[in-house]
Amino acid sequence: MPLSSIAHQRLHHQRISQTEFEKPEEVVSWMGAMQAQDYLGSLWAIGLRTKNATEADVEKALTNRTIIRTWPMRGTLHFVAPADARWMLKTFTPRVITRCAGIYKQEGLDKKTFTKSAKLLTAALEGGKQLTRKEVYEVLERGKVAAGNTRGLHILGHLAMQGLICFGARKGKQPTFTLLDEWIPATKMPVAEEAMAAFTLRYFASHGPATVQDFAWWTGLSTTEAKAAHEAVKSQLTEETIQGITYWTASSNSVVKTKSPGVYLLPGFDEYLLGYTNRTPAIDTTRYKQIAGNGNGLLSSTIVINSQIVGMWKRTIQKDTAIVEAQAFDTFNKTQKNAVAAAAKKYSKFLDLDVKII
DNA sequence: GCTAATTCTCTAACTTCGCG
DNA sequence: CGCGAAGTTAGAGAATTAGC
């Protein structure tokens, strides 16, 4: 079995090559969590996994609170379902917070500062209020908590990881913050083991075939914790070893048909790559360096053909037209060019704009 | 004044390397 | 092998300036 079969199955399980989902919240629930660092890119990550969704539809799901945006795991922004948010924050963020100790120290952020910030923000946000970053920083400054440099950023992140706040609706183009407990309905905290088992299964269903190490990296759990979580649901997973590496997928997953997996324009931080620490099934290490720039944590949008990443793309909006600039690592033949154009058209439909391909 | 062009500010986190 | 610290950049949107 070649390594590319792993990638092929992932396209299917991730609901990129076909999807039954009609609503953004169905996609997010299926995926467990979706990386949402680049806001506009991550709207597309949901859109491309949804039947006929437009960008406005995904934004509506965010304002209607059927999906929410916060830092539930790994110290990275994700979209999650409201029903999962509290359990995930409680389970995954303590390790992240510990890992942030160095940064907090550097910024002079101690327990007292966080407690004071929490009080200030609770008072300012109570009653369903939503404040932009700038407004939040003003509240902090008025309360004598310096929010300059990256302090404000880390305060927001920390309080979000503690489950006090999360992102609200956008005000114009600006994101806002609001109280989590006011933003989403109260949920009963599930039994820890059961919730972990269900979540682990969901990962291996939506991201499989994946390794235990992938799961550990994705969630930010330690290898030991990830191994234990995996062990608990192992009987419901199917195993596959390629080149000495063992991959797992949920046994309940439907079998992948061997039809051509198609051409896709994925956003920069799509789960197709960010769902795993080892990305070699979709792209070799040398090529990966091209999309990862100089290793600063920023990733280019990618072009996927036959389950392999074969190029990069970017978009610029000019009035009513989305200009899609596609760049192959090697060259695209005519068939591939046409397929890329068709994929760009799909994207422009999502944006509700005309498209021009360069 | 209005629009276009330009500049500026700010936001995100991944990988690698080294040490215990 | 696991963990922590350090290094690193593109792009969006706001703000400002230029041009007419």
Side-chain angles (χ1 to χ4, degrees), chain A residues 33-45 55 59 69-79 92-107 132-138 140 147-158 160-161 167 170-177 211-228 267-280 282-302 312-319 322-325 327 351:
Chain A
M34 292 180 77
Q35 215 273 19
Q37 168 183 359
D38 165 25
Y39 181 73
L40 296 172
S42 54
L43 295 180
W44 172 229
E55 192 175 64
E59 286 227 78
R69 188 175 183 230
T70 186
W71 285 271
M73 57 181 209
R74 205 167 78 229
T76 306
L77 276 168
H78 283 85
F79 291 134
F92 298 126
T93 63
R95 283 180 55 83
V96 180
I97 290 172
T98 310
R99 221 192 300 144
C100 287
I103 300 167
Y104 292 161
K105 204 172 166 188
Q106 209 177 316
E107 295 281 351
T132 64
R133 230 177 260 284
K134 210 179 147 197
E135 289 163 346
V136 166
Y137 294 171
E138 280 163 14
L140 292 173
N149 297 322
T150 54
R151 274 174 59 104
L153 211 64
H154 290 300
I155 291 170
L156 282 169
H158 186 84
M161 286 195 280
F167 280 80
R170 288 215 294 176
K171 231 182 236 176
K173 301 272 185 187
Q174 291 299 316
T176 67
F177 293 85
T211 66
V212 178
Q213 203 47 246
D214 287 328
F215 180 61
W217 176 84
W218 187 68
T219 52
L221 288 172
S222 73
T223 310
T224 318
E225 289 168 319
K227 271 185 187 158
F269 298 86
D270 195 273
E271 287 290 318
Y272 190 54
L273 272 185
L274 273 284
Y276 320 90
T277 180
N278 181 349
R279 288 141 203 183
T280 51
I283 186 169
D284 69 54
T285 314
T286 326
R287 285 281 168 71
Y288 181 76
K289 289 198 174 108
Q290 287 190 55
I291 63 163
N294 294 321
N296 57 352
L298 296 173
L299 300 173
S300 294
S301 310
T302 58
M312 310 186 282
W313 65 284
K314 59 182 170 191
R315 73 109 199 248
T316 33
I317 308 274
Q318 255 177 30
K319 285 183 182 164
I323 297 163
V324 172
E325 206 174 323
Q327 190 197 344
L351 296 176

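Computed from a predicted model, the values in this text were never measured in an experiment. In what follows, every chain begins at residue 1, and chains take the letters A, B, ... in the order their sequences are listed.
As rounded to whole Å, 20 Å separates atom C1' of B:dT15 from atom CH2 of A:Trp218. Rounded to a whole Å, the CZ atom of A:Arg279 is 11 Å from the C1' atom of B:dA13. If you measure from atom CZ of A:Phe269 to atom P of C:dG11, you get 10 Å, rounded to the nearest angstrom. Atoms CG (A:Leu43) and P (C:dA12) sit 13 Å apart, rounded to a whole Å. Rounded to whole Å, the distance from NE2 on A:His158 to C1' on B:dA13 is 18 Å. Whole-Å rounding puts the A:Lys105 NZ to C:dA6 C1' distance at 16 Å. The distance from atom CG of A:Leu153 to atom C1' of B:dC10 is 9 Å, rounded to the nearest whole Å. Separating the CH2 atom of A:Trp71 from the P atom of B:dT11 is a distance of 10 Å, rounded to the nearest angstrom.
Between A:Tyr39 and the phosphate of B:dT11, there is no side-chain N or O to OP1/OP2 separation shorter than 4.0 Å. Look at A:Arg315 and you won't find any side-chain N or O under 4.0 angstrom from OP1 or OP2 of C:dG11. Within the 4.0 Å cut-off from OP1 or OP2 of B:dC14, at least one side-chain nitrogen or oxygen of A:Thr76 is found. Distances shorter than 4.0 Å separate none of the side-chain N or O atoms of A:Arg170 from OP1 or OP2 on C:dA12. Within the 4.0 Å cut-off from OP1 or OP2 of B:dC14, not a single side-chain nitrogen or oxygen of A:Trp217 is found.
Listed candidates were B:dT11, B:dC14, C:dA15. Nearest to the side chain of A:Lys134 is C:dA15. The side chain of A:Arg99 approaches C:dG4 more closely than any other nucleotide in the set C:dC3, C:dA14, C:dG4. The side chain of A:Gln174 lies closest to C:dA14, out of C:dA14, B:dC14, C:dC3. Among C:dA14, B:dA13, B:dC14, the nucleotide with an atom closest to any side-chain atom of A:Gln37 is B:dA13. In this structure, of C:dG11, B:dA13, C:dA14, it is B:dA13 that holds the atom nearest to the side chain of A:Leu77.
A:Tyr137 is linked by a side chain to side chain donor-acceptor pair (under 3.5 Å) to nothing, counting only residues two or more places apart in sequence or in another chain. Evaluation of the salt bridge (charged side-chain N to carboxylate O under 4.0 Å, His left out) rule for A:Glu59 yields A:Arg170 as partners, not counting sequence neighbours.
Distance CD/A:Gln174 to NZ/A:Lys134: 9.0 Å, rounded to 0.5 Å.
Under the 6.0 Å cut-off for aromatic ring centres, A:Phe167 and A:Trp71 qualify, their centroids lying closer than that.
Side-chain polar atoms of A:Gln35 and A:Gln37 form a donor-acceptor pair below 3.5 angstrom.
Heavy-atom distances to DNA chain C give each of A:Lys314 and A:Ser222 a nearest nucleotide, and the one nearer the 5′ end belongs to A:Ser222. Mapping A:Lys227 and A:Lys171 onto DNA chain C via the closest heavy atom, the residue that lands nearer the 5' end is A:Lys227. Of the two residues near DNA chain B, A:Tyr137 and A:Leu274, the one whose nearest nucleotide lies more 5' is A:Tyr137.
Looking at heavy-atom distances under 4.0 Å, A:Gly268 makes no contact with the nucleic acid at all. The residue A:Gln35 sits close only to the backbone: its heavy atoms come under 4.0 Å of sugar-phosphate atoms, none of a base.
Side-chain N or O atoms of A:Arg279 include one that pairs as donor or acceptor with a backbone N or O of A:Tyr276 at under 3.5 Å.
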